[in-house]
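Working notes for the structure below.
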Amino acid sequence: FMAAAVDAPADQATDYRLRAAKAALDGGDPVRADLLLDQIPAPTSGQPGDARLQGRYRLLRAQTALARNDPQRALRLLPQ
């Protein structure tokens with residue numbers, strides 16, 4: 001996914017990076033998932049597909065926090 005992200009348009013590159021982070025998390029490597037998520041600028045409103053990307057980004061961040069035994073961080077990342 002990361003190789004595909006290099007040549008992709010910005011919104012598609014973000015999608016590929018999110019997929020790579022999800023794959024790392026599903027593979028039992030939350031540290032790698034966090035490192036991959038660190039390479040993605042946090043999506044903000046006004047960007048193409050912003051709500052979908054924001055939701056996926058925040059959910060993955062929360063899932064990695066839970067996988068790393070940090071429930072407080074996970075709660076902060078999820079919308080109220």
CG on Leu77 to CG on Leu59, rounded to 0.5 Å: 10.0 Å

Note, Arg56 side chain near Asp15 side chain (heavy atom, < 4.5 Å): yes

Minimum-distance pair of heavy atoms, taken over all atoms of Pro30 and Ala67: CB-CB, 3.6 Å

Intermediate values then yes/no, side-chain contact (heavy atoms from CB on, under 4.5 Å), Leu18 and Leu37: CA-CA 7 Å; Leu18 289 170; Leu37 289 169; 3.9 Å; yes

Least distance between heavy atoms, Ala65 atom then Ala74 atom: CB-N, 3.7 Å

side-chain hydrogen bond (donor to acceptor under 3.5 Å, both in side chains): pairs with one or both residues in residues 60-71, sequence neighbours excluded: Asp34-Arg61, Asp34-Thr64, Asp34-Arg68, Asp38-Arg61, Tyr57-Arg61

Selection residues 21-31 - residue pairs positive for side-chain hydrogen bond (donor to acceptor under 3.5 Å, both in side chains), sequence neighbours left out: Lys22-Asp26

Spatial distance of atom CG (Leu66) from atom CG (Leu78) [nearest 0.5 Å]: 7.5 Å

